[in-house]
Number of protein chains: 2
Amino acid sequence: MSPYDPSAFPPFAVTVDLVVLTVRHHALCALVVRRGEQPFQGRWALPGGFVREDEDLTTAAARELVEETGLCVAEPGAPTTDPVKGAHLEQLATYGDPRRDPRMRVVSVAHLALAPDLPAPRAGGDANSARWAPVDELLQESEGARDEQSAPLAFDHAQILADGVERARSKIEYSSLATAFCPPEFTVGELRRVYEAVWGVALDPRNFHRKVTGTPGFLVPAGGTTTRQGGRPAQLFRPGGATLLNPPMLRPEV
Amino acid sequence: MSPYDPSAFPPFAVTVDLVVLTVRHHALCALVVRRGEQPFQGRWALPGGFVREDEDLTTAAARELVEETGLCVAEPGAPTTDPVKGAHLEQLATYGDPRRDPRMRVVSVAHLALAPDLPAPRAGGDANSARWAPVDELLQESEGARDEQSAPLAFDHAQILADGVERARSKIEYSSLATAFCPPEFTVGELRRVYEAVWGVALDPRNFHRKVTGTPGFLVPAGGTTTRQGGRPAQLFRPGGATLLNPPMLRPEV
DNA sequence: ACAAAAGTGTTGTAAGTACACCCATGC
DNA sequence: GCATGGGTGTACTTACAACACTTTTGT
């Protein structure tokens, strides 16, 4: 690595962008904010912002997450019943094409956040508004007439979102991450509907039940029952300690 | 995102660091270079360097790879018999702790490269020398007396290397990536020794053979045989088109 | 009574493990 | 001959898909 001479390296702006996913109305949705400025003024974009001078990348992402949604990241090992603290956050990938931002050289470290269904997004920062949008709408290629709601995302955010969705889809296979989409206590049926929404498939409720309750460390009984989904009362569960599932959940249609 | 005002964001240096892995003498090895300058002068470090003004991150990583090893990245879809062009390169993760470099704020986009066994590394850039070192030596915690060879890596490179090794270990499970450690044509036994070295386990040769030859798209017969490993002549194979393995290879001891 | 969702039992099948066993070369 | 690695056959076991069936609520 070169010495201290600042002229030896070009300066970059470094940002964090967030792919915040949740499951609403049986569909996988992402948080998008409307851009208030050029370029891409008025278009939807992923939330994000500059990394500060003395801030770690993960810290910057967690800060943006709070500013945009009020969500706090779950403390490892400290199970909480506060639905606003159950979020999962991890680094996704870094995007640094020289022309991805027309104004200057920006390297964006994208992060992936998974959250339970929240009442409503709160707009923050320099965004005019924010909303949860089904990822299917956001990612469908421009075909035929397009209304403003489903216009393509700003910058390279469609690519970032696609990468985040793909990460989530594959990661719930072999980890217990799907519980990050659920409230602190949930039923097996609710967990199944998360898998169905994220993967976009229908799962056999009977086999699913046997599988998740039989995977060690995935779920622990919370003690109560609920009928909030109708039908026979269902046992409530909390996430077990396990992070890696053995055996993994299998995504159909291979 | 904020307007053009450069005072609105702090400037960062952006580098790429490379985790270059290969299998030599039945052990997983990483390429390390000796640092010629402060800080960490004389210590081993991962190869890397600054991203240039108009350069994509992947381009920068590929350029560093050529400079340090002479390896070229494999062209997708263009199978080559040149052993120096078969390398696999992918982004690994980004490291941006404010204090990871004592001189200035550096964000490093680490990349993972997999290469077949090469004759010898060639030192390049500002490194005094370069060598292949077994990852077990590089990653073992400081315990007891340590010679210079096994001194811990500079900066946060031990963490980066550990992340790269873990990525490689898990990715050869469900992808055909293990062939990137092999020469253009190889035997089933050579491929098995790759898995054994990367995972650090012993595999049953009989079941392994059945499995890899039975996984569609993993291997295609190259037509010849070889006795370079001794014993009965073995069929030579080339990588098949498949990138994702179905069913996946299973890592023992879970 | 009926619909709806939860949960259990059973059966066929795909895939993995652990071996015994045979094959083709170099020395 | 014998050592060495390559390759096939087979029995045992696990895990998954499919689907019949029972349970417990709300209306």
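Small disclaimer: the values here were computed from a predicted structure and weren't measured. Reminder, nothing fancy here: chain letters follow the sequence lines and each chain counts from 1. Keep in mind that the numbers below use all heavy atoms, side chains included, and drop hydrogens, waters and symmetry copies.
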Does either side chain, that of B:D163 or that of B:Y95, offer a donor lying less than 3.5 Å from an acceptor on the other one? yes

Base, sugar-phosphate, or nothing: which does A:R192 touch, judged by heavy atoms less than 4.0 Å apart? sugar-phosphate

Please report whether the ring centroid of B:F237 lies less than 6.0 Å from that of B:F186. no

Considering all heavy atoms, the nearest A:G164-A:L21 contact: O-CD1, 4.2 Å

Closest approach of B:Y195 to B:S175 (non-hydrogen atoms, all atoms of both residues): OH-O, 4.1 Å

Side chains of A:H88 and A:E90, donor plus acceptor under 3.5 Å: yes

For residues B:A178 and B:L191, report the shortest heavy-atom separation together with the two atoms involved. CB-CD1, 3.9 Å

Under 4.0 Å between any heavy atoms, over every strand shown, what does B:R193 touch: base, sugar-phosphate, or nothing? Just pick one. sugar-phosphate

State, to 0.1 Å, how close A:A242 and A:S176 come at their nearest heavy-atom pair, and which atoms those are. O-OG, 2.9 Å

Nucleotide interval of DNA chain D bounded by contacts with chain A (heavy-atom cut-off, under 4.0 Å): D:dC16 to D:dT25

Using whole Å, report how far CD of A:E190 lies from C1' of C:dA6. 12 Å

Please report the shortest heavy-atom distance between A:F218 and A:V212, naming the atom on each side. CE2-CG1, 3.8 Å

If you compare all heavy atoms of A:H111 against all heavy atoms of A:T58, which two are closest, and at what distance to 0.1 Å? NE2-CA, 4.1 Å

Could you state the CD-C1' distance from A:Q229 to C:dA3, rounded to the nearest angstrom? 16 Å

Rounded to the nearest 0.5 Å, what's the gap from CG on B:L31 to CG on B:L46? Could you check? 8.5 Å

Between protein and nucleic acid, restricted to nucleotides 15-18 of chain C and to nitrogen or oxygen atoms under 3.5 Å apart, what atom pairs and distances do you find?
residue: C:dG16; atom: OP1; partner: B:K211; partner atom: NZ; Å: 2.4
residue: C:dA18; atom: N7; partner: B:N207; partner atom: ND2; Å: 2.8
residue: C:dA18; atom: N6; partner: B:N207; partner atom: OD1; Å: 3.1
residue: C:dA18; atom: N6; partner: B:R210; partner atom: NH2; Å: 3.4

Under 4.0 Å protein heavy-atom contact, by nucleotide of nucleotides 22-27 of chain C - B base, S sugar-phosphate only: -BBB--

